[in-house]
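The structure appears below as structure tokens.
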Amino acid sequence: MSGTQLNVRTVRARDYNQARSILANAGSQSARKSHPVHDKPDVPVAQGQDLLREARDEFREMDAGLPDKQKKSRMSQEHYKAVHDAADTMGISHW
């Protein structure tokens, strides 16, 4: 994550949907089960933060058995990158 973005109050629906796809493609079942936004232009930032938290926690559980040297922030580097790419897509810097 770049660290230069400010937290936002809302997330554009298309950005939320893209972030959801990033996480689902990385293996997040919670993201896969969530519904894409299609009936409004944006969603509260809390909805995007929840998406990130759920995927992060899910990935940490999935990756618990990996050796520490293969993990970053208690998840595989691939899952870490997916979570941060999703956060960047939504413009969320804190979750």
Side-chain angles (χ1 to χ4, degrees):
M1 187 164 11
S2 67
T4 59
Q5 296 174 328
L6 299 175
N7 260 355
V8 293
R9 291 182 188 256
T10 60
V11 174
R12 289 183 300 188
R14 72 172 185 228
D15 293 341
Y16 176 89
N17 290 338
Q18 182 178 353
R20 180 185 163 276
S21 292
I22 290 168
L23 296 169
N25 289 337
S28 171
Q29 293 302 312
S30 60
R32 191 167 284 133
K33 291 177 185 175
S34 68
H35 297 286
V37 177
H38 54 79
D39 57 347
K40 48 189 162 185
D42 54 19
V43 297
V45 71
Q47 188 171 341
Q49 290 171 318
D50 287 344
L51 180 74
L52 295 168
R53 286 184 196 115
E54 289 172 8
R56 175 201 62 201
D57 293 347
E58 183 180 2
F59 290 153
R60 284 178 173 171
E61 186 175 324
M62 289 169 60
D63 298 338
L66 290 176
D68 287 342
K69 64 184 175 188
Q70 293 180 15
K71 292 191 272 191
K72 187 169 185 173
S73 192
R74 300 186 351 229
M75 65 188 104
S76 72
Q77 295 198 21
E78 293 82 8
H79 286 154
Y80 179 90
K81 182 177 181 335
V83 171
H84 284 80
D85 286 351
D88 286 346
T89 296
M90 293 188 285
I92 296 175
S93 58
H94 294 67
W95 66 92

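Just so you know, these numbers use all the heavy atoms, side chains as well, and skip hydrogens, waters and symmetry mates. Keep in mind the model is a prediction, meaning the values are calculated, not measured.
Interatomic distance, CZ of Arg53 versus CH2 of Trp95, reported as 10.0 Å (0.5 Å rounding). Note that NE2 of His84 and NZ of Lys72 are 7.5 Å apart. Values are rounded to the nearest 0.5 Å.
Every residue meeting the side-chain hydrogen bond (donor to acceptor under 3.5 Å, both in side chains) condition with Lys81, not counting sequence neighbours, appears here in chain and number order: Asp85. Take Lys69 and apply the side chain to side chain contact (heavy atoms under 4.5 Å, CB included) test, not counting sequence neighbours, and it matches Pro67. Under the rule for a salt bridge (Lys or Arg N to Asp or Glu O under 4.0 Å), the partners of Asp68 that lie at least two apart in sequence or sit in another chain are Lys71. Judged as a salt bridge (Lys or Arg N to Asp or Glu O under 4.0 Å), and not counting sequence neighbours, the contacts of Arg12 are Asp15. Listed by chain and residue number, Ile22, Thr89 satisfy the side chain to side chain contact (heavy atoms under 4.5 Å, CB included) test with Gln18 (two or more places apart in sequence, or in another chain). In terms of the side-chain hydrogen bond (donor to acceptor under 3.5 Å, both in side chains) criterion, residue partners of Ser30 (sequence neighbours excluded) are, by chain and number, Ser28, Glu58. With sequence neighbours excluded, no residue forms a salt bridge (Lys or Arg N to Asp or Glu O under 4.0 Å) with Arg32. Residues forming a salt bridge (Lys or Arg N to Asp or Glu O under 4.0 Å) with Asp57 (at least two apart in sequence, or on another chain): none. When the side-chain hydrogen bond (donor to acceptor under 3.5 Å, both in side chains) test is applied to Ser21, no partner is found at least two apart in sequence or on another chain. Listed by chain and number, the residues in a side chain to side chain contact (heavy atoms under 4.5 Å, CB included) with Pro44 are Gln47 (sequence neighbours excluded).
What you find for Leu66 and Ser76 is that their closest heavy atoms are CD1-CB, 3.7 Å. Closest heavy-atom contact between Met90 and Ala19: CG-CB, 3.6 Å. In terms of heavy-atom proximity, Ala86 sits nearest to Leu23 at CB-CG, 3.8 Å. Closest approach of Ala31 and Ser34 over heavy atoms only: O-OG, 2.7 Å.
Checked options Val43, Asp42, Val11; the residue passing with Val37 is Val43 (criterion: side chain to side chain contact (heavy atoms under 4.5 Å, CB included)).
Open room surrounds CD on Glu61; 12 or fewer heavy atoms of other groups in view lie less than 6.0 Å from it.
Panel note: side chain Gln49, backbone His94; a donor-acceptor pair is recorded below 3.5 Å.
Put simply, the side chain of Leu52 does not reach to within 4.5 Å of the side chain of Arg56, judged on heavy atoms.
Each ring-ring contact (aromatic ring centres under 6.0 Å, His included) pair with one or both residues in residues 26-53, not counting sequence neighbours, would appear here, but there are none. Counting only residues at least two apart or on different chains, the ring-ring contact (aromatic ring centres under 6.0 Å, His included) pairs with a member in residues 39-61 are Phe59-His79.
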